[in-house]
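The basis for the numbers below is simple: all heavy atoms, side chains too, and nothing from hydrogens, waters or symmetry mates. In this text the structure is predicted, and so the values were computed from the model without any measurement.
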Amino acid sequence: MASRSADLRIEGVGKRFGEVAALDNVSLDIASGELLTILGPSGSGKTTLLKVVAGFERPDSGTVRIDGTDVTAVPPARRDIGMVFQNYALFPHLTVRANVAFPLEMRNVTSAEIDRRVGEALALVELTGFDRRLPKQLSGGQQQRVALARAIVFNPRLLLLDEPFGALDRKLRETMQLEVRRLQRRLGLTTIFITHDQEEALVLSDRIAVMNKGTIQQVASTTEIYERPANDFVADFVGESNIFHGIVSGPGTVTLEGGRQVRAARATETGRKVGVLMRPERFGEGANIFAGTVTEAVYLGVSFKLRLRCDDGLELIVRQPARGGLPAQGTRVTVGIDPDSIHVF
């Protein structure tokens, strides 16, 4: 299946519903062949942004350009965009073949070409031989694959996926994530994926755009989003976090609220108010030493998650390899963290 993947530029898009600003001057550039995930909590504006790209919502301001062409006022059917929804949106009375063939029939493709393309699309999603079944005869994962085949069968310029795995159980969800990533890479298809699940975003994406209250908080690679979040919201939303605030009291040193000093390699501007992020899994040995008492301990298979109350009142979440028994409440623990492992923002 040949790709005619396009780049996408969203410039200054705004959308209000009454007094609520669903989108507030949103701008994004997505490269041809890229998979960008829009990550955010419920109500952050991510689905509204997807609807603006698809043409189901008209923005109050701003433009949407596909391959340099302004499509802001172009109807959805003329944008050549494939979409997959959480509820699959399959026609229950049509067979798998008829569901996948539908976009081609709407485009007046010949019967012979429809047969070829439907067979190719079903093979790509590993559903060869399922063409005569009805949706009710399929599992949830199989229905999602049919929806995916229907979205790619007409060779769209963009693929939009709106929380497509929300109705699947965890194991199947993880399987489908890998399958979508494999398929997207194979086709080189420019893709926007919407989710509120941070792990899903980290697994799937080339880049992640984190949204909150109708604005883009940060756009970056998966590594940068996790290791170097731009602000409190991103740090707290993506991954488990220990977030503190303080003032840079000298080169490489931050004095936290409460008086504790920590060494942080990226603390360079003396006198500046900063946030300090320490990821739970980064604790082990290091120059910054924290001694305290276990107030909560959870077994997670490969690791223990511990909540520590330090002697100076600071509370930390720490992950340690699951070796030996799970520490009991009241156990004394000492951990360290390296200055290079502390992110300052």
Determine whether T195 and E200 satisfy the following criterion, side-chain hydrogen bond (donor to acceptor under 3.5 Å, both in side chains), listing intermediate values before the conclusion.
CA-CA 7 Å; T195 187; E200 189 163 77; 2.7 Å; yes
Pair D70-T72, side-chain hydrogen bond (donor to acceptor under 3.5 Å, both in side chains): steps then yes or no:
CA-CA 6 Å; D70 189 342; T72 313; 2.5 Å; yes
Test R207 against D29 for salt bridge (charged side-chain N to carboxylate O under 4.0 Å, His left out), laying out the working first.
CA-CA 11 Å; R207 289 189 303 152; D29 285 338; over 6 Å; no
Decide side chain to side chain contact (heavy atoms under 4.5 Å, CB included) for R65 and I10; before the verdict, give the C-alpha distance in whole Å, the side-chain angles of both, and the deciding distance to 0.1 Å.
CA-CA 6 Å; R65 297 179 186 275; I10 301 163; over 6 Å; no
Step by step, would you call R16 with D24 a salt bridge (charged side-chain N to carboxylate O under 4.0 Å, His left out)?
CA-CA 8 Å; R16 300 187 70 89; D24 185 6; over 6 Å; no
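Atom CZ of R181 is surrounded by more than 12 heavy atoms from other residues, nucleotides or ligands within 6.0 Å. No more than 12 heavy-atom neighbours from other residues, nucleotides or ligands sit within 6.0 angstrom of CZ on R272. Within a 6.0 Å radius of OH in Y299, other residues, nucleotides and ligands contribute 12 heavy atoms or fewer. The local environment of CZ in R309 is sparse, with at most 12 non-hydrogen atoms from other residues, nucleotides or ligands closer than 6.0 Å.
To the nearest 0.5 Å, atom CD1 of residue I208 and atom CG of residue L36 are 8.5 Å apart. Between atom CD1 of residue I114 and atom CZ of residue F102 there is a gap of 11.5 Å, rounded to the nearest 0.5 Å. Remark: E179 CD to L172 CG distance equals 8.5 Å, nearest 0.5 Å. With rounding to the nearest 0.5 angstrom, the CZ atom of F290 is 11.5 Å from the OG1 atom of T334. Within the model, atoms CD of E296 and CG of L306 stand 9.5 Å from one another, a figure rounded to the nearest 0.5 Å. In this structure, OG in S221 is found 10.0 Å from CG in D206, a value given to the nearest 0.5 Å.
Judged purely by atom type and a 3.5 angstrom limit, D67 uses its side chain to pair as donor or acceptor with the backbone of D7. Not a single donor-acceptor pair under 3.5 Å links the side chain of R9 to the backbone N or O of I30. Judged by distance alone, with hydrogens and angles left aside, the side-chain atoms of N288 form no donor-acceptor pair with the main-chain N or O of G336 at under 3.5 Å. Between the side chain of E163 and the backbone N or O of Q86, no donor-acceptor pair lies under 3.5 Å. When atom types are taken as modelled, the side chain of T331 and the backbone of V294 share no donor-acceptor pair closer than 3.5 angstrom. Not one N or O on the side chain of T270 forms a donor-acceptor pair closer than 3.5 Å with the backbone of S249. Of the possible polar contacts, none joining the K46 side chain to the F193 backbone as a donor-acceptor pair under 3.5 Å is found. At least one donor-acceptor pair under 3.5 Å links the side chain of T191 to the backbone N or O of L189. With hydrogens and angles ignored, the 3.5 Å screen pairs a side-chain donor or acceptor of Q142 with a backbone N or O of S139. Listed for the S61 side chain is a donor-acceptor partner under 3.5 Å among the backbone atoms of G14.
Under the 30°/60° scheme for interplanar angles, the aromatic rings of F85 and F56 are found to be tilted.
Placement of V146 and L183 within a single hydrophobic cluster is found when ILVMFWY residues are connected by side-chain heavy-atom separations under 4.5 Å, directly or transitively. No chain of hydrophobic side-chain contacts below 4.5 Å, direct or via other Ile, Leu, Val, Met, Phe, Trp or Tyr residues, connects M278 to I317. Side-chain heavy atoms closer than 4.5 Å link hydrophobic residues (I, L, V, M, F, W, Y) into clusters, and following such links, possibly through other members, connects L168 to L127. Residues L202 and I194 do not share a hydrophobic cluster, clusters being chains of Ile/Leu/Val/Met/Phe/Trp/Tyr side chains in contact below 4.5 Å.
Considering only residues two or more places apart in sequence or on other chains, R228 meets the side chain to side chain contact (heavy atoms under 4.5 Å, CB included) condition with E224, H343.
Looking at S303 and E281, their side chains never come closer than 4.5 Å, going by heavy atoms from C-beta outward. The shortest distance between side-chain heavy atoms of T47 and K51 falls below 4.5 Å. Residues E269 and V248 fail the side-chain proximity criterion, which asks for heavy atoms closer than 4.5 Å. Contact check for R173 versus D197: side-chain heavy atoms found under the 4.5 Å cut-off. L158 has its side chain within reach of L8: a pair of non-hydrogen atoms, C-beta onward, lies under 4.5 Å apart. Side-chain atoms of E34 and Q184, non-hydrogen and from C-beta on, never get closer than 4.5 Å to each other. Residues L277 and N242 form no side-chain contact, since every pair of their non-hydrogen atoms from C-beta on lies 4.5 Å or further apart. At a threshold of 4.5 Å between non-hydrogen side-chain atoms, the residues P321 and F304 do not count as touching.
Inspection of the S27 and E11 side chains reveals no N or O donor paired with an N or O acceptor under 3.5 Å. Between the side chains of Q217 and T215, a donor-acceptor pair is found at a separation under 3.5 Å.
Annotation: cation-pi geometry satisfied between R107 and F154 (NZ/CZ under 6.0 angstrom from ring centroid, within 45° of ring axis). For the pair R150 and F91, the distance from NZ or CZ to the six-membered ring centre is under 6.0 Å and the angle to the ring normal is within 45 degrees. Judged by the 6.0 Å and 45° rule, R279 forms a cation-pi pair with Y226.
The pair R145-E126 does not meet the salt-bridge criterion, since no charged nitrogen lies less than 4.0 angstrom from a carboxylate oxygen. Salt bridge E227/R282: present, at least one basic N to carboxylate O contact under 4.0 Å.
Counting side-chain heavy-atom gaps under 4.5 Å among Ile, Leu, Val, Met, Phe, Trp and Tyr, the cluster of L178 also holds V203.
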